[in-house]
Amino acid sequence: MLRTASVAAMSRRFGTAASTLLQRASTPVSKRRVNDIYQPGIPIAPCPKVAASCTHNPCVCSPSSKKEQAKILADHRREWPHAESIDAHKNHSLFTWTAHDVASAGAITAVRAEGIYFWDQNGKRYIDWNSMAMCSNHGHTPDQSIIDAVVEQMKSIPYAYPGAFVTPVRGRLCKLLADICPGDINTFMFPSSGAEANEIALRMARLYTGRHKVMTRYRSYHGATTSTLSMTGDHRRWPAENGATGHLKFFDPYPYGFSHGKTEEEITENSLAMLREQISYEGGHTIASIHIESITGTNGVLKPPKGYLEGIREICNTHGILMVCDEVMAGFGRTGKLFGFCHAPSVVPDIITFAKGLNGAFLPLGGVGVRDHIAAHFRKNNVAIGSTYNSHPVALASAYAAVQHFLEEDLTGNAARMEKHLQAGLNYLMDRHPSIKQARCVGLFGCFDVQKNTKGDFIARVFDPLPAPMIKFKKTLLENGLFTMMRGHTVFCNPPLIITEAQIKEAIDVLDKSLPVLDEAMEK
């Protein structure tokens, strides 16, 4: 009687759907069986009419009929005209870092690549003067050994859950990296990107030390996740700052607006003194890590002055702080050394992060390398981080073959040998074009800064949108067959590590031909 009254009351108050649920819940236990048809627990209102809810007709929320599926597949298996591909891109994808419509309007449609070159849909050839995003270190033609390794891995075991399985290629790649990395950096993890690698390093540092604060520099970039953007020092961190805590910034040896001194020794001494002062206020015992790019990347390609990395290492030792070097851009030969920190031979960081050069960006992959004392801790304690694609076998296969090819072809040595030719080319441009304020390179990691007047004022701040003369210069470079990246007042010169002396000259000639655009824009 009570149950009947309850059902009636529910029906009056909440409607038929709710009373039906109560009736189902009241079904005697003996009449319910394992694997009965699943019963919902929350009544759902019927969908509105298709026209009122979406633009798809028939409704795509329902399974497509075989006829509809065949129609979709036929459309995607035909030859697509270029215009249709572009329309699909404009309507169904989004660019990174900027408004889609702005980026899309100037995007190049790349359809083929080989060596240091790529071609657009019209057959126009471009020099890749920036290794795309400072990552195509092998150029755009993967060695056949890399292709074969990927194909064979796809055939054998294309995926394995990293938290419960190991694959042969994972062990072999770890051993190869242990064989070539400096010091006792012998243990590795493999996320999918440089940002994830820096996330892991951050998590490890905090867990290992039991401390929360992390120090990074203003002229830095460490990735696009919430934590790594908070670690980042440049303007890209601004949208993410409310999402993370414990991030402290300190000044670089080479600030934008003032100088720490006139000599490398003076700059090092003053920079480290300022850092020691800041640590004394923060409390060295509260800081988990000092996390730096060994050679600053997109904030200006800045090699630290003599003694600076050694000084950071000494400060970390004094306070029990972990030294973490972000080698995502500088690593794997870009600077003419295996890693950027190798330019300070006595320095071995506690943790290194890397990505781009590990496999030449042929597949998404990042890495974290740790010294033995860090590894020993996490063999007994939870590292507290992971992801579905960590240590993905196919990506690791590409890296295992790529690192071997990298060693066989001596790409690090080529970067070191080509440095003098890149440097000579940049000197040639500086002599001929007053718009260049200064230029620098280490290995094949280079750039030049553009000034707007003979007083040496930058044409723009680094966080400003490209000014009109720089936009025109970029367009002129593309018209003349050269692609590179620019930020504010900086033009990057980071070609693939396979580049030759003749190809460097070819690129310098294009820059020489295009730079009058900036010379003419200088203030009189």
Side-chain angles (χ1 to χ4, degrees), residues 72-143 146-147 150 192-194 224 236 298 329 355-357 359-365 395 398 402 447 465-487 490-499 503 506-511 513-515 517:
I72 291 170
L73 291 172
D75 183 49
H76 286 272
R77 287 169 176 168
R78 66 185 170 85
E79 189 74 26
W80 278 36
H82 174 67
E84 279 191 50
S85 297
I86 294 301
D87 285 343
H89 161 72
K90 287 181 177 178
N91 296 329
H92 302 292
S93 72
L94 289 174
F95 264 88
T96 60
W97 289 119
T98 190
H100 176 79
D101 290 347
V102 174
S104 181
I108 304 166
T109 301
V111 298
R112 185 169 73 87
E114 182 180 330
I116 70 161
Y117 306 101
F118 64 89
W119 286 258
D120 67 17
Q121 78 279 3
N122 298 316
K124 182 179 177 62
R125 192 190 75 168
Y126 301 81
I127 299 169
D128 181 1
W129 193 233
N130 200 59
S131 304
M132 290 294 170
M134 294 92 157
C135 59
S136 296
N137 289 10
H138 292 241
H140 299 289
T141 308
D143 187 71
I146 301 171
I147 297 170
V150 168
S192 299
S193 67
R236 285 172 285 188
T298 51
M329 288 187 188
K356 304 169 184 281
N359 66 346
F362 293 128
L363 286 172
L365 187 62
S398 75
C447 70
L466 283 182
M470 292 286 277
I471 293 173
K472 186 176 180 181
F473 176 57
K474 188 172 186 177
K475 183 179 179 182
T476 303
L477 284 176
L478 291 174
E479 290 171 352
N480 291 331
L482 185 143
F483 162 80
T484 194
M485 289 175 63
M486 303 178 190
R487 289 189 68 227
T490 303
V491 178
F492 292 101
C493 307
N494 304 303
L497 305 190
I498 62 170
I499 199 166
Q503 290 169 332
E506 179 186 1
I508 293 296
D509 287 344
V510 174
L511 289 161
K513 180 180 178 181
S514 306
L515 274 164
V517 168

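Please read all numbers here as calculations on a predicted model, not as lab measurements.
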* **Where Ala355 and Ser193 come nearest, the two heavy atoms and their spacing** => CB-C, 4.2 Å
* Structure fact -> Note: Trp80 and Ala88 closest approach over all heavy atoms is CZ3-CB, 3.9 Å
* Asked: Say you draw a straight line from SG of Cys135 to CG of Asn494; how long is it, rounded to the nearest 0.5 Å?
  -> 10.5 Å
* Asked: Has Lys124 got its NZ or CZ under 6.0 Å from the middle of the six-membered ring of Tyr126, at an angle within 45 degrees of the ring axis?
  -> yes
* Tell me, with the steps shown, if Leu94 and His89 meet side chain to side chain contact (heavy atoms under 4.5 Å, CB included). => CA-CA 8 Å; Leu94 289 174; His89 161 72; over 6 Å; no
* Ignoring hydrogens and geometry, is there a side-chain-to-backbone donor-acceptor pair from Asn359 to Leu363 under 3.5 Å? -> yes
* Structure fact -> All heavy atoms of Val510 vs all of Ser514, minimum pair found to be O-OG, 2.8 Å
* Asked: So, does Lys356 use its side chain to make a donor-acceptor pair with the main chain of Ser136 at under 3.5 Å?
  -> no
* **Between NZ on residue Lys513 and CG on residue Leu477, distance to nearest 0.5 Å** => 11.0 Å
* With a 4.0 Å cut-off, would you call Arg125 and Glu114 a salt bridge? -> no
* Got a second to check how far Thr484's OG1 is from Met132's CE, nearest 0.5 Å? -> 11.0 Å
* **Criterion side chain to side chain contact (heavy atoms under 4.5 Å, CB included) on Ile127 and Gln503, from CA distance to verdict** => CA-CA 9 Å; Ile127 299 169; Gln503 290 169 332; over 6 Å; no
* Asked: Between Val517 and Pro469, which heavy-atom pair has the shortest distance, and what is it?
  -> CG1-O, 4.0 Å
* To do: Decide whether His138 and Asp143 meet the rule of one side-chain donor and one side-chain acceptor closer than 3.5 Å.
  => no
* Apply side chain to side chain contact (heavy atoms under 4.5 Å, CB included) to the pair Lys475 and Ile471, showing each step before the final yes or no. => CA-CA 6 Å; Lys475 183 179 179 182; Ile471 293 173; 5.7 Å; no
* Structure fact -> To the nearest 0.5 Å, atom OG1 of Thr476 lies from atom CG of Leu482 at 11.5 Å
* To do: Given side chain to side chain contact (heavy atoms under 4.5 Å, CB included), test Arg236 with Thr298 step by step and report yes or no.
  => CA-CA 11 Å; Arg236 285 172 285 188; Thr298 51; 2.9 Å; yes
* Asked: Do Thr490 side-chain atoms and Met486 backbone N/O form a donor-acceptor pair below 3.5 Å?
  -> no
* Asked: Heavy atoms, side chains only, cut-off 4.5 Å: are Pro495 and Ile116 in contact?
  -> no
* How many angstroms lie between CD in Gln121 and OG in Ser85, if you round to the nearest 0.5 Å? -> 10.0 Å
* To do: With rounding to the nearest 0.5 Å, note down the distance linking OH in Tyr117 to OG1 in Thr141.
  => 11.5 Å
* Answer yes if the ring centres of Phe362 and His140 are under 6.0 angstrom apart, and no otherwise. => no
* Asked: Phe473 versus Leu466: any side-chain heavy-atom pair under 4.5 Å?
  -> no
* Can you tell if the side chain of Trp129 reaches within under 4.5 Å of the side chain of Leu511, non-hydrogen atoms only? -> yes
* Can you check whether Asp75's main-chain N or O pairs, donor with acceptor, with Arg78's side chain at less than 3.5 Å? -> yes
* Stepwise side chain to side chain donor-acceptor pair (under 3.5 Å) test for Asp120 and Thr109 -> CA-CA 5 Å; Asp120 67 17; Thr109 301; over 6 Å; no
* So Phe118 and Phe483, would you call those rings parallel, tilted or perpendicular, with 30° and 60° as cut-offs? -> perpendicular
